[in-house]
4 protein chains.
Amino acid sequence: MAKRTGEKYQAIIDAAVRVIAEYGYHHAQVSKIAREAKVADGTIYLYFENKDDVLISLFNEKMGNFIRDVKTTLANIASPAEQLKELIRLHFEYLEKDHQLAIVTQIELRQSNPEVRQQIGIILKKYLDVIDSVVQKGIEEGIFRPDIDIRTARRMIFGTIDETVTSWIMKDCKYSLMEQAEAIHQLFLRGIAR
Amino acid sequence: MAKRTGEKYQAIIDAAVRVIAEYGYHHAQVSKIAREAKVADGTIYLYFENKDDVLISLFNEKMGNFIRDVKTTLANIASPAEQLKELIRLHFEYLEKDHQLAIVTQIELRQSNPEVRQQIGIILKKYLDVIDSVVQKGIEEGIFRPDIDIRTARRMIFGTIDETVTSWIMKDCKYSLMEQAEAIHQLFLRGIAR
Amino acid sequence: MAKRTGEKYQAIIDAAVRVIAEYGYHHAQVSKIAREAKVADGTIYLYFENKDDVLISLFNEKMGNFIRDVKTTLANIASPAEQLKELIRLHFEYLEKDHQLAIVTQIELRQSNPEVRQQIGIILKKYLDVIDSVVQKGIEEGIFRPDIDIRTARRMIFGTIDETVTSWIMKDCKYSLMEQAEAIHQLFLRGIAR
Amino acid sequence: MAKRTGEKYQAIIDAAVRVIAEYGYHHAQVSKIAREAKVADGTIYLYFENKDDVLISLFNEKMGNFIRDVKTTLANIASPAEQLKELIRLHFEYLEKDHQLAIVTQIELRQSNPEVRQQIGIILKKYLDVIDSVVQKGIEEGIFRPDIDIRTARRMIFGTIDETVTSWIMKDCKYSLMEQAEAIHQLFLRGIAR
DNA sequence: AATGAATGAGCGTTCATTCAT
DNA sequence: CATGAATGAACGCTCATTCAT
């Protein structure tokens, strides 16, 4: 029923990002997104089941692209420590390149209803799995300490990155996000103790 | 205009926590909170400016208590490393003792509108300052590495704790949160590298 | 939840009859009914579950009154033949006195959705039972032929009355409906054969 | 503009009957009828003015066939009483042979908008004229009572038949409709009085 | 102080119809 | 002739807030 491809599909998703970033989640009406995408309101329902589906698809498309890029890049890096650095770097790069997308995924979509949030959680899981595999590999190769709990480490890595991006947005993206990557990477590896 | 004291003030805040935890942010209507607090809808407006004010006051009351407790406890601890451990422990203890409050502050209130979120951010700032002061003290005393950026460390500490609590709730609080504290503390101090 | 009494309850039902009669079923929006009843749109939902409930309640109130009147009147008439005459007369009188109600029940409500129509059918059943009991009594007292099937007779009586009222409305209520009662009664009793 | 012939014309009408019978009037969208008829949505507008025209044409085609059959059959019957019996029998036979058509004409099309209903009324008029002519002839030949009003008798005859068919459908066509014909015929001729 | 009935602005979605191909 | 993607008007319902009592 709902075609999930085509240039209008993309146009609607991109319009949704712009509208949500500009007006905020609660003022991003379907009719506003349609107008921004230069299609009729009804056209949105030829490509998406409903409004929630637009938001979920938005996250899925953008996150899907990101995870693919991360996986491709990490595959060419042997060292888990370097993989971790690259993951942080890519995460920051991806959002720093597109402030609007950053606002939408970090701030606005988190106000969405439980159904949307649940779907987002499922999509995000794939990213967390990538983090897990980096940590796992590090332990196996003896690069990371054998006694660390993978899930605890993953939550530190994701939680820190997420909080860093959110802070950056709250400060109006005034400073460079990517420049933070190195320091965070060092913190992850060596901790704060002398 | 709005009385910020009295037993009904507390009753309404506590009712809001229960209703939001049970029904979720989007189904926590003023009338439902009023019924839970055993007052009339209109009575809420004698104690609060509006619904947003209820949510902000809720966070302010609970977070205010928490920050006070943390400050009191840390004041009696000399070592910054021990202070950090205690901060993590208290954070977890506070939310593990009150699952409903945990759900409300970690999950539900994050769906609130920009105005509420902004106020929450301001309140939260006081907690972040506490974290900053612990890190600062650690650096000054030579316990923590002198080259770490305080804000970066703070985001790691808060981001990790926050993500850990959120994961715990998403997994239905099935395991002990406080038992995670030690591992996280070690990770903060020593990092993941061997 | 929905209060089914009070002067506003009646005002809304009466406004619904007027609006539906004037604008037709498909143009009888909730906001139009509210305006006609001099209440806010939301007030309708304090007294009714939803729009369908307004329509069902309308039919239930009006039909309920009518059935009560019919039962009361028939109770004071001994002869089944006279009871039948009175039933026809009352049916015509009730609708001739209120053209708008006639239009709503005979024409407009029949365009309603399946849920409403089903409820109307259930309410109407009580009226059909009254017809049945008159026929039954006639047979038992030997006034009506013993070989007639009660359900067949009931369908003739109701079908004829209903068709007569609908024709009358379609002809813009230009002639007297009650004057038809006697002829119909004779037709029911004696048939068309010489 | 609209071609009123061709195999697609018939295919669309037949598809409309099937779709309306299966899904009900309110769920019989043009696109669903088009799919059932194996044509494109737009093709319907090459054969019909609009959706209303499909419904009216449907009724016109089916009712036209029926009236032609009735007239042909009655022309070969001398007795008005026998003509009446045959008319009832044919009416029942026609609808009992095609349950879907019965559902559409008796139940679903009555939910249509005023414009469609008006056109249906005009088409139906031809059938009512046939009933009138039977009654007229009966009176003229002295078989029926001279004092009966033709229109009253017609409404009784049509109203009863119509109500009988509707009841039959509402009871899921569980019993034989044609078996009712004889009893109804007797009721018309002799009435219910002993 | 407390009540709770009343208010009314705001929006996602459907589907008959069109028209470029 | 035939297609089917695109159009856009129209509306029931919720719920934070008010105010007469």
Nucleotide [N], atom [atom2] - distance to [atom1] of [X] in whole Å:
{"X": "C:E7", "N": "E:dA6", "atom1": "CD", "atom2": "C1'", "answer": "13 Å"}
{"X": "C:R35", "N": "F:dC11", "atom1": "CZ", "atom2": "C1'", "answer": "13 Å"}
{"X": "B:D52", "N": "F:dT17", "atom1": "CG", "atom2": "C1'", "answer": "12 Å"}
{"X": "B:I33", "N": "F:dT17", "atom1": "CD1", "atom2": "P", "answer": "11 Å"}
{"X": "B:F48", "N": "E:dA1", "atom1": "CZ", "atom2": "C1'", "answer": "16 Å"}
{"X": "C:I44", "N": "F:dC11", "atom1": "CD1", "atom2": "P", "answer": "14 Å"}
{"X": "C:K32", "N": "F:dA10", "atom1": "NZ", "atom2": "P", "answer": "11 Å"}
{"X": "D:N113", "N": "E:dA16", "atom1": "CG", "atom2": "C1'", "answer": "12 Å"}

So, are C:K62 and C:D14 salt-bridged, with charged N and O less than 4.0 Å apart?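 Salt bridge between C:K62 and C:D14, a charged N being under 4.0 Å from a carboxylate O: yes.
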First locate atom [atom1] of [X], then atom [atom2] of [Y], and finally report the distance between them rounded to the nearest 0.5 Å.
{"X": "A:D52", "Y": "A:N113", "atom1": "CG", "atom2": "CG", "result": "4.5 Å"}
{"X": "C:M63", "Y": "C:K126", "atom1": "CE", "atom2": "NZ", "result": "9.5 Å"}
{"X": "B:E108", "Y": "B:I20", "atom1": "CD", "atom2": "CD1", "result": "7.5 Å"}

Closest-nucleotide mapping onto DNA chain E: is C:K38 or A:H27 further toward the 5' terminus? I mean the 5' end.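 Counting from the 5' end, the first nearest nucleotide belongs to C:K38.
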The residue, C:V39 or A:T43, whose nearest nucleotide of DNA chain E is more 5′ is C:V39
Please give the nucleotide sitting opposite [N] as a Watson-Crick or G-U wobble pair, both distances under 3.5 Å, or none.
{"N": "E:dA1", "result": "none"}
{"N": "E:dT21", "result": "F:dA2"}
{"N": "E:dT7", "result": "F:dA16"}

Closer to the 5' end of DNA chain F via nearest nucleotide, is it B:K51 or A:G42? A:G42
Under 4.0 angstrom between B:S31 side-chain N/O and F:dC15 OP1 or OP2: no
Quick one: is C:Y47 getting a side-chain N or O under 4.0 Å of the E:dA6 phosphate, OP1 or OP2? yes
Does the ring of B:Y23 carry B:K32 above it, NZ/CZ under 6.0 angstrom from centre and within 45° of its axis?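 Pair B:K32/B:Y23 counts as cation-pi.
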Of the options [options], whose atoms approach the side-chain atoms of [X] most closely?
{"X": "B:D41", "options": "F:dC1, F:dT17, E:dT3", "value": "F:dT17"}
{"X": "D:Y45", "options": "E:dT3, F:dT3, E:dT18", "value": "E:dT18"}
{"X": "A:L46", "options": "E:dT3, F:dA6, E:dA6", "value": "F:dA6"}
{"X": "D:Q29", "options": "E:dA16, E:dT7, F:dT3", "value": "E:dA16"}
{"X": "B:N50", "options": "F:dC11, F:dT17, F:dT7", "value": "F:dT17"}

Between D:K51 and D:A28, the two heavy atoms sitting closest are NZ-O, 2.8 Å
Give one of base, sugar-phosphate or nothing for C:V30, where a contact means two heavy atoms less than 4.0 Å apart. sugar-phosphate
What contact category does D:K8 fall into here, base, sugar-phosphate, or nothing, at under 4.0 angstrom with non-hydrogen atoms?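 Sugar-phosphate: the residue D:K8, judged by heavy atoms under 4.0 Å, touches backbone atoms but no base.
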